Amino acid sequence: MHQGIPLHYFLIVSTLMFFIGIFGFLTRRNLITILMSIELILNSVNINFVVFNRYLFPHKLQGHFFSMIVIAIAAAEAAVAIAIIINIYRNFRSIEVGKVDEMKH
Amino acid sequence: MNLSDLMIMRHELLLTLLAVSILIMDLGAGPKHRYLVLPVSLILFFVNLIIGFLPVREGTLFGGMYHTSGLIILMKNILNIGFFIVMLQSFTWLKKEENKLKMSEFYVLLLATLIGMNFMISSGDFLMFYLGLELATIPMAALAAYVHHQTRSAEAGIKLILISALSSGILLFGLSMIYGTTGSIFFNEVKAAYSSEPLQVLGFIFFFAGMGFKISLVPFHLWTADVYEGAPVGVTSYLSVISKGAAVFIFILVLYTVFTSIDFLWKDLTYIIAVLTMTIGNLFALRQKNLKRLLAFSSIAQAGFILLGIIAGSKLGMASVIYFILVYIFSNLGAFGVVAAIHDHTGKESMDDYNGLYHTNPRLSLLMMLSLFSLAGIPPVAGFFGKFFLFTSAASGGYYWLVFIAVLNATISLYYYLLVVKAMFINKNDHPIEPFSSDITTRLGLLICTAGIVALGFYNTVYELINKLSIGIN
Amino acid sequence: MNNLVMFFILSGLILVFSVMTVLTRRILRSAVFLLFVLLATAGLYFMLDYMFLAAVQLTVYAGGIVVLIIFSILLTSHISERAAMAGKWPMIASAFVVLLGAGVTLYTIYSYVFKASAEPAIPSTMKSIGSHLISYGEDGYALPFEVISVLLLAVMIGAIIVAKKEVK
Amino acid sequence: MHGYAYTVYILLIPFIIFIFLGLFGNRFKPMFSGIVGSAGLLVSFILSLTTAYRYFFASAPGEDGYTAIIAMNAVWLRLTETLHIDMGILLDPISVMMLIVITTVSLMVHIYSIGYMKGERGYERFFSFLSLFTFSMLGLVVAANIFQMYIFWELVGVSSYLLIGFYYQRPSAVAASKKAFIVTRFADLGFLIGILVLSFTTGTFDFQTLTDPAGPAVTHAGGATFLGLSVITWSLILVFMGGAGKSAMFPLHIWLPDAMEGPTPVSALIHAATMVVAGVYLVARMFPVYALAGIPALNVVAYVGGFTSLFAAVIACTQLDIKRVLAYSTMSQIGYMMLALGVARYGGHEGLGFMASMFHLFTHAMFKALLFLCAGAVIHAVHTNYMNEMGGLRKYLPITHITFLVACLTIAGIPTFAGFFSKDEILAAAWHHNKFLFFVEYIVAGLTAFYMFRLYFSIFQGKQAHYHHVPQEAPYVMTIPLMLLALVSVFSGFIPFHSLVTSDGLHLDTRIEWGVAIPSVLIAVAGIGVAAVMYRKESALPERMASTFRHLYTWSYHKFYIDEVYLFITKKVIFRYISTPVAWFDRHVVDGTINGIAWVIVSASQKVKGLQSGQLQQYALVFVSGAVLLILVFICLLY
Amino acid sequence: MHFLNLFVVVPALTIVAILFTRDLKGARWASAVGMSIQLVLAGALVFMYLSARNAGVADEMLFTADSTWFPSLNIRYAIGVDGISVAMIALTAVVIFAGVFASWEMEFLSREFFISLILLCSGVFGFFISLDLFTMFLFYELAVIPMYLLIGIWGSGPKEYSAMKLTLMLMGGSALLTVGILGLYFHSAAAGGQHTFHILEIAKTDIPVTAQRFFFPFTFIGFGILGALFPLHTWSPDGHSSAPTAVSMLHAGVLMKLGGYGCFRVAMFLMPEAANEMAWIFIILTTISVVYGAFGAIWQKDLKYINAYSSVSHCGLVLFALLMMNQTAMNGAIIQMISHGLMTALFFALIGMIYSRTHTRIIDQMGGLMKVIPFLSAVYVIAGLASLGLPGLSGFVAEATIFVGAFQHADTFHRVVTIVATTSIVITAVYILRVIGILLLGPIKNEHFEHLGDAHWYERISTIILVLGIAGIGLAPLWLSDMINFSLAPIIGKLSGLVNDVPLVLN
């Protein structure tokens, strides 16, 4: 295929990255590392879009721009999340996710 | 493309204009006049609401990324109505001393989410859809975390933003698969190329999960109650009604126009999720003592009912869903309006605090009862019609057992609604909530809700209009 | 062939640092590993001839987000602090779910035959990207571009509101 | 056409009086209601007499004998095409005879009650109920339709209930009234089912169609069978069950002695003369069906009647409450009538028993009413019901004494008194059909004479008992009815029943069969003699007799413990072993299931709360697991 | 305005009038006037109906009106009455009239009480005039839901529990009903045709037997719960015993009849084949209910419980007779509905009146009331006699018709269960007489009772109107029976018809 690298290779990488991100989300106890896991997830999605665009549908730039938008949104999300995390830190004096469970049941 | 074409985007443009003007007014007004920004924005939004009903051209813009139709405009107008009520209801709270420095920002953020929803509903491709979705979600997190001095508010904010990020990650992964297997992100092209290949199914399910988060379907619902409880009441009601309504709108639009070729699949999926959502939502709602939390779980159960309309896949189904959302906006905002009014005056939101409310605040109690009955689907209030039409549409697809499960769930839900009614009307209380009178805005909001709850069922024109505009899978 | 080697190096980096990002117990290191992942991803984009995207990835992601994250880490934790991981059972459950999900997904992807479009490719030069970005016709992205500006504005306000210190 | 339409007034007058007194009686002086009631009944009485005269004597019977006349008929309720409940008046020999019996006795009782009930609380209520009863009883006898009969049958039952419970503040009266109602109600259940079966088989309620020898009831007799008996037979047995209940046949007799808790005039009217013979009347009314289609049922009637007569007579010998003695005597005499019907067959001389039964019904009504009214007068005078607290009343109550003696002689079957003739016919009929029952009846005749004179001697002769105040003869308003009834008792034996009331309406030649009559008279005299020896003077003989036949005496004194059996069945079995478990079952099992469902839901709600742990990552785990699970399900399993 | 609409409009106007009153005095007079008008209207309706029939009008439904409500779903506001609904309307008017007077002294939140009560009754009226399943269902639920507040606020004893139980069980019933109604709707037209909720139009189409088999149990049980079908009757004892007087009257007297009415007007009329097929199951259940309810009543000590169980028995008889599916038995069933409605309302009214004097409902604590409150006691006896089926009162007419009708069945099974059911008349006598004996007769147990006052004028009005109804039907049943018979004919015709079998579409 393109430049000798099969499409599936990219997809395997991105899929693994996606699930590693999810694993991180599920297991890290620190809110910021959870946020980083999300970045991993979004990054893997970006790879997908880009690769599909390049390999399969190069006649348009849909995947490409999708990735761009995702990057921008990831930034926005991170901004708000970090703002809230700082707020949490002020309120809880900790950014341990386990401690943020005042509301339950 | 010329300027008149842009008028097709009137809803979004006006809202953006409104948001910007509020921002500018807020910046421009001196500290003495800042309190004027709120009423002015209210009035401006009301004007916008009215303008929304003026006829507008249907059409497609930006190469198919944006499109409107009578149906979509109707949905936007419905959201506008709800938005207006939320604005009215949060007025009292915003005027409080604690929010002095961030009054109008609240409206701006809310407006931003509404713009996002409008774009989302109007989207013609997954990119705009995703963008709208995020625009409708990210500022929400900021709104949920609006109250600084409350840990719960921050907690709600972080839970919302993180889970929403996760869900949008999963949704995006699904979208990437959809893109990869169909070669396009445009709805009409995706529709043409979609079949039930496993990878496409996988992509669809990831997409479904992402939407499930927005509509709070089980098992993607767990954030709901915590966020609803922690967020300010206005935000909660907004989340539970407008946000959810918009998500349902786009969800049903996408299902009915894009994934038509795998309708058998999403119908089965919806069946399972509907049963789970109704049942789990109700089971959790049963033992809630906090009104906001109770309404949160009830709104999960209501989402399950909404799926009953979606599953039909017919014009009837869509009409029922839209009608139900409209009714639901009035009913739920009525209930939240009462909760907000009481919270604003007393800070109380536990069911036990409501004991004997009827004797001190009869009108609020009556409205609360009406709203709850409407939520439960009891005649003659509008909720009855809404629910009945949903059941009808599910039955039209032959899903009689699903209808049965749903109606049984409606009965269970009646139980906890009645618990609230019981608290207000029957239970005795030595220290009931003192009689108080609310602001004119709160009253106006509640009045609109009451009118909606009472009249919507009998005023058949509304339903017929919706029905006329609705579409089904052909 | 070179490309393949390059790909293996980059993807190897991506995967290893991804794993390390989620497994290392030091938060700051984790941020640095994330930076490596993002850089390697940018490398992939370069390989695919998406220069502009790679640049965006470098500036926005690596330059913006990671810096933001590092700042916040510095703001909220001590350098030496070791982040706790979830307990044993959550770990096992998460690992199980993730492995299952990854397995199914990979299997599904692998068994799918992707169909490429026959139409000729369009260049992904800066010029063409630029013109696409401001075009409002077919394959034009002016609208998302504008909307995202609204989003960023809203997010800015939101972040300020949330992070702003309360005036008591 | 037939000119009998006026007979409807015989019924309507008491009914109107009932309504009037019931609603407005308390607006007037008490005496007023008595007078109104009696006056109204007098009119009914005269109308009945006129009817009887016109029916029997004014026109000669045709070839078919006395035929039935429908004086009026109106549909009351349409049930099916063929089945409709009518309100009609059927005049035939037995109903006309019953009109006379009822109006006569009722009139006497009304007049008597004016005196007897003086000063009682609820005077107007009493007369109102009496009128209701009279109305119902008249309606019962003239019923043209078996369902109409059932309707009035029930009304009679409820009037009886109301009157027995007249002294409603006395617990025993309340209990007795309840018992009477429930026992007869139970019997009526049989009657109702009988009607259902009968109407299902024959498609009609109409008496004339039913009893027509060529009608559907008779022609369907050979139809389906159940346990070896035809359906018609079963229905007749069920109908007889109703009759047995009303007529206090064994084993449904237990309510009658207790019913004596009611005011004595009530006992005279309802529980001696009229209502209790309704069962006999019912069988007589349906007689052609019994005789032509249900001989086994008729045998049941005969044996039940025979056994009851003996059984009741034995008990009567040991009772001390004079009204109870009379009550058992009534049972015994009705047993006679039933037996007579049971040994009769349709038509000609075979129908002797039928005629005898009706004859005895008539005479018995008169002398038994008389006996009760006399007893009432005695009780009125001495304020006790127990014969061992009485004695030597002869000189205080001369009129009562004479009339009571006349009645005793009549019931004992001493020749020239009415009872002799009617009883003789019965014995003759039994002799021809069933020797065993015949001998039983001989014994009963002796016992009857014995216990009646035991009663007579204990009350009017014997030792002078100690009274709180000197007993006084009743006022004329009470004694005149006594004398009138005594006259009727003496002379009614000469009424030519054999040519008036027969099974097929035709004239029947009868003569006194001396071979049967003489021994029976001798037995009666012997019975009187024994009673005289034992009770005329104070003696230790009764005690000795009692100890000699200790077991028999105790059993008899305790009415063979039938009440206890019933009590066991009702209190223990129904109340404790059915009703209580049913109530328990309902509360705990049925309702428990419903509550259990609620409990399950609520506790499920409690159980799942852990899902909502407040832990963000757990939410995410559920989220992801849900998505993965759905993928697994939909990709691997479904598609 | 259409005449029948008045039956819904008058209660609505009454409610508005009550809103303008200030206190108990105003509220009760407004209600009394409103419900008197309603009574007059009902009388006029009976008269108009009978004269129309006498004039030879042979339409199945009279005074019909039909206006579209939701055109897209073909939901219509269709009204009309036949002899059966006229009878039920008359019953409702009488009972609510009596009910208003029975709650004359409702001090606590009186306006709210009367509003809820009349709201309830407007639901009932609406139900009986509806010909459209949708509006029928709407009115049905409208009638059920005010019960919660009525029992919960103004009730006694474990009122909250009872109110909740009653509401939830009845709503569970309406859950079943929803499915049934929707099933009927979607099978009401051949493929491509316009679906309809209109009863008469559905009756004209042949619903496939497979569909009937599926939906009949839903519909029948759904209505059956309100008609106290064993074993789903347990809301009734608790609900009735906790409810305030007028509510018990209305609920047992009228609301339970909605169940019976719905069972045949919807379930059996529209799904005749399934009704024929499945009747035996429900016949067994109802037979149990008849006998079981009666036995259950014997043991009870609370007056209201006794009457509630008696209602289970009597309402069981209604369903029992309906399931016999011949004209006579069904006629009996409807007479029984009316008869039971009147007498149970009378019972509950009396129990309420006695309770307001003695402050107890436990029979063992009372006794000899006949002496102190003769009027109420006498009426109680009349009600009791009516209940145990004394001729001359309405209960007998109903039971006689039912038993004769049921026994006309050619099938042995039906006749056997009929005999079993007839035994209830004895058991009924037992518990009725037991209560009368303990409660009214005998010596006065409590000296406080010596000074009780007899019925007030409003209580007399309340009871006398019911007694008049009971006696009126009992003495002259023919007009009622004929009125019902005429309207039953088409239903019976439908029940004995046949349709072809088309498979049911079900996911």
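Predicted, not measured: the structure shown is a model, and the values here were computed from it. Numbered from 1 within each chain, the chains take letters A, B, ... in sequence-line order.
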Quick check on [X] against chain C: is it the side chain, the backbone, both or neither that has a heavy atom closer than 4.5 Å?
X: Leu109(B); value: side chain
X: Leu23(B); value: side chain
X: Gln200(B); value: side chain
X: Thr16(B); value: side chain
X: Leu127(B); value: side chain
X: Tyr130(B); value: neither

Once you measure the plane-to-plane angle for [X] and [Y], does it fall in the parallel (<30°), tilted (30-60°) or perpendicular (>60°) bin?
X: Phe207(B); Y: Phe126(B); answer: perpendicular
X: Phe36(C); Y: Phe33(C); answer: tilted
X: Phe106(B); Y: Tyr146(B); answer: perpendicular

May I ask you to check whether Glu189(B) and Thr182(B) show a side-chain donor-acceptor distance below 3.5 Å?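 The criterion, which ignores hydrogens and geometry beyond distance, is not satisfied for Thr182(B) and Glu189(B).
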When you compare the side chains of Ser168(B) and Glu134(B), does any donor N or O come within less than 3.5 Å of an acceptor on the partner?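 Their side chains do contain a donor-acceptor pair, which is all the 3.5 Å distance test asks for.
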Side chain to side chain, Tyr238(B) and Leu114(B), heavy atoms closer than 4.5 Å: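 Yes, their side chains come closer than 4.5 Å.
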Which residues in residues 98-110 of chain C have any heavy atom lying under 4.5 Å from a heavy atom of chain B?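 The list, in residue order, reads Thr105(C), Thr108(C), Ile109(C).
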Around atom [atom1] of [X], are there more than 12 heavy atoms from other residues, nucleotides or ligands closer than 6.0 Å?
X: Phe187(B); atom1: CZ; result: yes
X: Arg57(B); atom1: CZ; result: yes
X: Lys88(C); atom1: NZ; result: no

